[in-house]
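Here the structure is laid out as structure tokens; the discussion comes afterwards.
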Amino acid sequence: MKKNIIDLQPSTNIFATYQRYSYKPPYAVAEFVDNSTASYFNNKQKLENFYKKNNKEYCLRIYIIYGTNEKGERYLRIRDNAMGMELEEFKRAITLANPPEDRQGRNEFGMGLKTAACWFSKKWTVKTSKLGSKNEYNFTLDIEKISDTNNHNFEMEYETIEVNAGAHYTEIILENLNKYFASKKEKEKLVNHLTGMYRKDILSKKIKIYWIEDKNGEYWTNIEGKRFENDQLKMIEPFDFKEPELRYLKNNEIKGINEGLLKKEISFFVINPNNNEEYHVYGYVGILKVGSRTNSGFALLRRGRVIQGALADGYRPKELVGDASTFAYQRIIGELNLDNFPVNQAKDSFSWDDGLEEIFKYKLREEIDEYIKIASSLRKVEPAKKVSDINAKLTQESQNKSVQMIQNTIESNISDNNLEFKKVILEKQENLNSVYSFETVSQTKKLNFMVNDSESPKNWIDIKIDKNENYTVFLNIEHKALKPFSEKAEFIIFMKTFTTAYAASLFILENENNSKMIDSRKLTRQINDMLLEYSESETQ
């Protein structure tokens with residue numbers, strides 16, 4: 001073992017500031033995966049030729065290992081079998097302000113390893129050996145140690161160890177962690193996000209990414225609790241991405257649309273008006289076989305890696321597909337490559353706040369407008385599906401019955417001397433948001449229905465009233481009591497009828513007396529009667 005000196009430049013104290021960097025765990029881990037995959041893409045032919053000479057087939061393997069060391073301290077390790085680094089590359093990787101020579105890959109900034117390592121941990125180590133070299137280079141940065149000594153010396157030690165010339169790897173070891181994966185849900189979220197992010201790599205079968213949890217020297221993988229001994233890592237299943245199932249349209253199912261898979265290739269250019277730079281967008285748009293608020297939306301990729309819309313977080317601004325209640329929102333899906341668009345430092349979003357995103361959305365809407373209309377038309381021609389596994393079904397006929405039943409219920413509870421219900425207007429539009437009009441002797445009042453998909457709402461509905469005593473009812477479909485069922489458009493339609501009846505009942509009972517006081521028992525009876533009538537109609 002030989003000790004050497006490296007000039008980190010600038011001051012080592014700057015590393016501590018990266019602990020406050022704006023990262024989310026999947027994107028911080030992705031910095032290491034980006035480096036591994038970039039090393040593979042830049043040296044693919046050399047690696048494959050080396051393995052072919054030894055009658056083997058090469059596959060890039062990236063292991064993300066989360067565990068506890070002998071001191072009971074949490075650690076995170078990312079190890080790959082990519083090309084590895086020789087001394088100059090190694091120095092460039094661990095020093096600041098030193099981007100790679102080739103900036104067309106995924107590690108274009110040359111900062112990801114340092115920023116992500118410092119964000120995750122107070123102590124990190126890099127070990128690497130390049131194929132054909134006999135040297136392993138080993139460097140450790142202990143942020144607390146250099147901060148305590150107020151070390152403004154740019155020079156730090158690294159070690160050189162002799163290894164086999166056929167060895168090729170890079171390993172990042174993060175200790176004394178700032179960030180933990182405390183629950184199974186957090187780990188699943190990380191795995192799912194990375195799976196969606198590296199979908200193209202996974203589908204190629206040339207790159208395999210693994211999640212491994214080390215519990216006292218025994219490896220557990222894929223969240224399921226399967227145990228493997230240290231020498232059985234090859235048995236562990238890697239991440240697996242499944243292509244979304246698209247809708248196949250039958251002949252004459254929609255007038256004017258030919259039979260076939262609902263998928264369309266897209267290619268267009270966007271010009272930034274600020275600098276006249278031209279950006280190419282290409283990929284596809286499709287329509288899901290089964291609508292889903294979770295799995296719909298676009299994945300926006302750059303250089304083969306998803307930047308926005310990784311998994312269960314599709315890119316679907318309202319200007320394109322409307323809100324969560326629309327059928328376009330629940331069915332439109334696609335992948336778009338934005339290879340030369342600018343990204344931010346964390347690579348979790350595009351840098352297009354200068355108006356570039358608005359132009360992109362405008363051009364994309366032009367490309368997918370036909371599919372927006374098809375997605376809306378499909379709802380009219382397909383049979384109703386299950387709302388849940390608890391024998392709850394909502395056919396188009398029962399929807400109509402429930403709407404009629406609500407109208408009857410409201411009418412029967414209105415005092416002739418006080419409030420006369422003239423009609424209920426449901427605007428025929430793609431969006432489920434609608435307006436109900438109530439006419440009194442002297443004026444018309446409105447009840448607005450809105451679907452709200454904000455995360456983690458406190459209430460299942462919110463009711464607001466304006467100065468003209470018009471109501472707005474918000475159905476919060478992300479509420480934990482509704483979310484398990486709200487994947488289905490039919491469920492949202494049913495909840496619309498229910499919440500509208502509930503809010504209208506409040507409106508009616510308030511107007512029966514000047515004090516605006518509501519008899520809770522009368523309200524309860526009214527809602528109970530409505531639900532009982534609906535339930536009986538379903539069982540007949």
Side-chain angles (χ1 to χ4, degrees), residues 22 24 27 30-31 34 37-38 41-42 97 99-112 196-201 203 244 246 261-288 296-311 313-323 326 328-329 331-376 430-431:
S22 179
K24 294 177 182 177
Y27 289 96
E31 296 283 17
D34 280 351
T37 53
F41 290 126
N42 292 337
E101 294 177 0
D102 180 6
R103 302 196 63 183
Q104 299 306 307
R106 295 178 182 176
N107 59 342
E108 60 185 301
F109 300 122
M111 288 292 293
M197 190 182 294
Y198 293 97
R199 62 184 71 191
K200 292 296 186 185
D201 296 344
L203 290 171
L246 301 182
L261 199 67
L262 287 175
K263 181 178 181 181
K264 170 188 171 184
E265 299 298 322
I266 290 177
S267 180
F268 62 91
F269 290 88
V270 174
I271 298 177
N272 190 330
N274 299 301
N275 55 19
N276 291 322
E277 188 152 357
E278 187 177 64
Y279 301 99
H280 187 204
V281 179
Y282 63 97
Y284 81 87
V285 61
I287 295 182
L288 283 171
S296 59
F298 286 96
L300 306 184
L301 297 92
R302 186 173 185 268
R303 301 173 185 177
R305 188 265 238 191
V306 173
I307 301 296
Q308 290 180 235
L311 202 66
D313 188 26
Y315 179 81
R316 44 195 176 190
K318 290 186 178 181
E319 301 95 313
L320 292 178
V321 295
D323 62 32
T326 67
Y329 182 100
R331 287 201 179 266
I332 294 293
I333 194 169
E335 289 182 358
L336 300 174
N337 297 280
L338 290 71
D339 292 338
N340 64 335
F341 277 68
V343 291
N344 62 15
Q345 182 75 49
K347 289 182 283 188
D348 60 0
S349 180
F350 289 94
S351 297
W352 52 11
D353 294 336
D354 57 355
L356 183 59
E357 183 181 14
E358 298 308 312
I359 300 172
F360 164 75
K361 287 189 288 191
Y362 177 80
K363 296 283 288 184
L364 180 57
R365 176 69 198 218
E366 288 183 333
E367 293 285 334
I368 69 172
D369 189 59
E370 176 190 10
Y371 271 56
I372 298 289
K373 293 174 182 176
I374 293 173
S376 302
E430 295 175 12
N431 198 316

Find out whether [X] and [Y] are in side-chain contact, i.e. whether some heavy atom of one side chain is under 4.5 Å from a heavy atom of the other.
| X | Y | answer |
| --- | --- | --- |
| Gln308 | Ser349 | yes |
| Phe341 | Ile307 | no |
| Ile359 | Tyr279 | no |
| Pro342 | Leu356 | yes |
| Ile374 | Leu262 | yes |

Using the test side chain to side chain contact (heavy atoms under 4.5 Å, CB included), find all partners of [X] that sit at least two apart in sequence or belong to another chain.
| X | answer |
| --- | --- |
| Tyr362 | Glu366 |
| Asp369 | Arg365, Lys373 |
| Ala299 | Arg199, Leu301, Val306, Glu335 |

Rounded to the nearest 0.5 Å, how far apart are [atom1] of [X] and [atom2] of [Y]?
| X | Y | atom1 | atom2 | answer |
| --- | --- | --- | --- | --- |
| Leu364 | Leu336 | CG | CG | 5.5 Å |
| Ile287 | Ile332 | CD1 | CD1 | 4.5 Å |
| Leu300 | Leu338 | CG | CG | 5.5 Å |
| Ile368 | Lys363 | CD1 | NZ | 13.5 Å |

Taking all heavy atoms of [X] and all of [Y], pick out the closest pair and write down the distance.
| X | Y | result |
| --- | --- | --- |
| Tyr329 | Asp323 | CB-O, 3.1 Å |
| Asn344 | Ser351 | N-OG, 3.2 Å |
| Arg316 | Ser296 | NH1-OG, 2.5 Å |

For [X], give me all partners under side chain to side chain donor-acceptor pair (under 3.5 Å), at least two apart in sequence or on another chain.
| X | value |
| --- | --- |
| Asp339 | Tyr282 |
| Tyr371 | none |
| Glu358 | Lys361 |
| Tyr315 | Glu357 |

Is there a donor-acceptor pair closer than 3.5 Å between any side-chain N or O of Ser376 and the backbone N or O of Ala328? no
Tell me whether Arg305 contacts the main-chain N or O of Asp34 through its side chain, where contact means a donor paired with an acceptor under 3.5 Å. no
Partners of Phe41 by ring pair (Phe, Tyr, Trp, His ring centres under 6.0 Å), sequence neighbours excluded? none
Contacts of type salt bridge (charged side-chain N to carboxylate O under 4.0 Å, His left out), residue Asp201, not counting sequence neighbours: Arg106
Using distance only, find each side-chain donor-acceptor pair of residues 263-272 under 3.5 Å and give its atom names and separation, not counting sequence neighbours.
{"residue": "Lys264", "atom": "NZ", "partner": "Glu367", "partner atom": "O", "Å": "2.6"}
{"residue": "Ser267", "atom": "OG", "partner": "His280", "partner atom": "NE2", "Å": "2.9"}
{"residue": "Asn272", "atom": "OD1", "partner": "Asn274", "partner atom": "N", "Å": "2.9"}
{"residue": "Asn272", "atom": "OD1", "partner": "Asn274", "partner atom": "ND2", "Å": "3.0"}
{"residue": "Asn272", "atom": "ND2", "partner": "Asp354", "partner atom": "OD2", "Å": "3.2"}

